[in-house]
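Input: a single structure, listed below in structure tokens.
Just so you know, these numbers come straight off a predicted model, no measurement behind them. Note on naming: letters A, B, ... go to the chains in the order of the sequence lines (proteins, then strands), and numbering restarts at 1 for each one.
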Protein chains: 2
Amino acid sequence: MGATKTENFTDKQNAIATLTKALGHPARIAIIEYLIKIKDCICGDIVNELSLAQPTVSQHLKELKNAGLIKGSIEGNAINYCIDEKTIALLQKYFTNMSTKLEIKKNKCC
Amino acid sequence: MGATKTENFTDKQNAIATLTKALGHPARIAIIEYLIKIKDCICGDIVNELSLAQPTVSQHLKELKNAGLIKGSIEGNAINYCIDEKTIALLQKYFTNMSTKLEIKKNKCC
DNA sequence: TTTTTATATTGCAATATTACGATAAAGAAT
DNA sequence: ATTCTTTATCGTAATATTGCAATATAAAAA
């Protein structure tokens, strides 16, 4: 075992889980927050921002990219990483929708 | 290695990562969605809803509970599980705030 | 062309996660 | 008291993740 049984769940459930899983590490949260904070997306210094080795940061960036949370475009020998706003918007909608549903049936349980 | 270096990040970053990590599995997304869908929180049949063995579901419920995403109260020999609305609200705020920040500096990069 | 700069990839050790059978615990029903 | 129902825990195998040193790649600068 050890592998997630994705076939038991809907595509949307798997999609959301992929996104939240990609965000499920403080380094990747820190990267996202840094990319939001800085204005111009020159992101080579993410390595300096985090106290992690360069290959480790590179791996985290790869995971965020695979999940569709960030985009990277080559700029000379450096790479411009930035947030993929559509994906953040998707998550925002997902949790807002959840909150709305909970609001409707206020504290009916527990 | 293999262990996350939480000491390099802020408490808030670690807290958000803990929540998103707990949601980073389709079974746990499915559990949360089921708990939102049903009206009265009688949750013994989560096991029937998911195609996973009972110990596996129990383990996922434990993780959601540890993360503070659900609450469980004993009801005879069964257990009443339900969403912890405060935690969902926290996530909703987090992503809404993120979206707002991104909205302000619309597509300045990539 | 050689060196520097920026990033990715490989390989590997340590650790964590996922899943489930077997079993335990504890109240409910008989 | 015994059995049923519901849920948790233990043990364990399979797999995934985290982190980094070493190395590769590729464009820029010298």
Quick one: [X] [atom1] to [N] [atom2], roughly how many Å, whole number?
| X | N | atom1 | atom2 | answer |
| --- | --- | --- | --- | --- |
| Asn48(B) | dT5(D) | CG | P | 13 Å |
| Glu49(A) | dT7(C) | CD | P | 14 Å |
| Lys65(B) | dT7(D) | NZ | C1' | 11 Å |
| Asn14(A) | dT18(C) | CG | P | 13 Å |
| Ile46(A) | dT5(C) | CD1 | C1' | 16 Å |
| Leu23(B) | dT18(C) | CG | P | 12 Å |
| Arg28(A) | dG19(D) | CZ | C1' | 12 Å |
| Ile74(B) | dT6(D) | CD1 | C1' | 12 Å |

What distance separates [X] [atom1] from [Y] [atom2], expressed to the nearest 0.5 Å?
| X | Y | atom1 | atom2 | result |
| --- | --- | --- | --- | --- |
| Gln54(B) | Asn48(B) | CD | CG | 11.0 Å |
| Asn8(B) | Leu52(A) | CG | CG | 5.5 Å |
| Ile70(A) | Arg28(A) | CD1 | CZ | 10.5 Å |

Closer than 3.5 angstrom, by distance alone: can the side chain of Glu33(A) be matched with the main-chain N or O of Ala30(A) as a donor-acceptor pair?
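Between the backbone of Ala30(A) and the side chain of Glu33(A) there is no qualifying donor-acceptor contact (under 3.5 Å).
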
Looking at [X], does any N or O in its side chain come under 4.0 Å of the phosphate oxygens OP1/OP2 on [N]?
| X | N | result |
| --- | --- | --- |
| Lys62(B) | dT7(D) | no |
| His60(B) | dA19(C) | yes |
| Lys21(A) | dT17(C) | no |
| His25(A) | dG19(D) | yes |
| Thr56(B) | dA19(C) | no |
| Tyr81(B) | dA8(D) | yes |

First of Glu75(A) and Thr4(A) reached from the 5' end of DNA chain D, by closest nucleotide
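Taking each residue's closest nucleotide, the earlier one in sequence belongs to Thr4(A).
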
Just checking Leu52(B): base, sugar-phosphate only, or nothing, at a heavy-atom cut-off of under 4.0 Å?
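Counting heavy atoms under 4.0 Å across all strands, the contact made by Leu52(B) is with sugar-phosphate only.
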
For a quick check of understanding: with a heavy-atom distance under 4.0 Å over all strands, which category does Ser58(B) fall into, base, sugar-phosphate or nothing?
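Result for Ser58(B) = base.
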
For Asn77(A) and Gln59(A), find the nucleotide of DNA chain C closest to each by heavy atoms; which residue's nucleotide sits nearer the 5' end?
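Its nucleotide being nearer the 5' end, the pick is Asn77(A).
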
At less than 3.5 Å, do the side-chain atoms of Gln54(A) and the base atoms of dA8(C) form a donor-acceptor pair?
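Such a pair exists between side chain and base.
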
Hey, mind stepping through Thr96(A) and Gln92(A) against side-chain hydrogen bond (donor to acceptor under 3.5 Å, both in side chains) and telling me if it holds?
CA-CA 6 Å; Thr96(A) 297; Gln92(A) 189 256 314; 3.0 Å; yes

Would you mind telling me which of dA8(D), dT7(C), dT7(D) lies closest to the side-chain atoms of Ile79(A)?
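Of all the options, the side chain of Ile79(A) is nearest to dT7(C).
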
Listed nucleotide nearest any side-chain atom of Pro55(A), set dT5(C), dT15(D), dA22(D):
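Of all the options, the side chain of Pro55(A) is nearest to dA22(D).
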
Mutual orientation of the aromatic rings belonging to Phe9(A) and His25(B) [parallel < 30°, tilted 30-60°, perpendicular > 60°]
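Phe9(A) and His25(B): perpendicular rings.
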
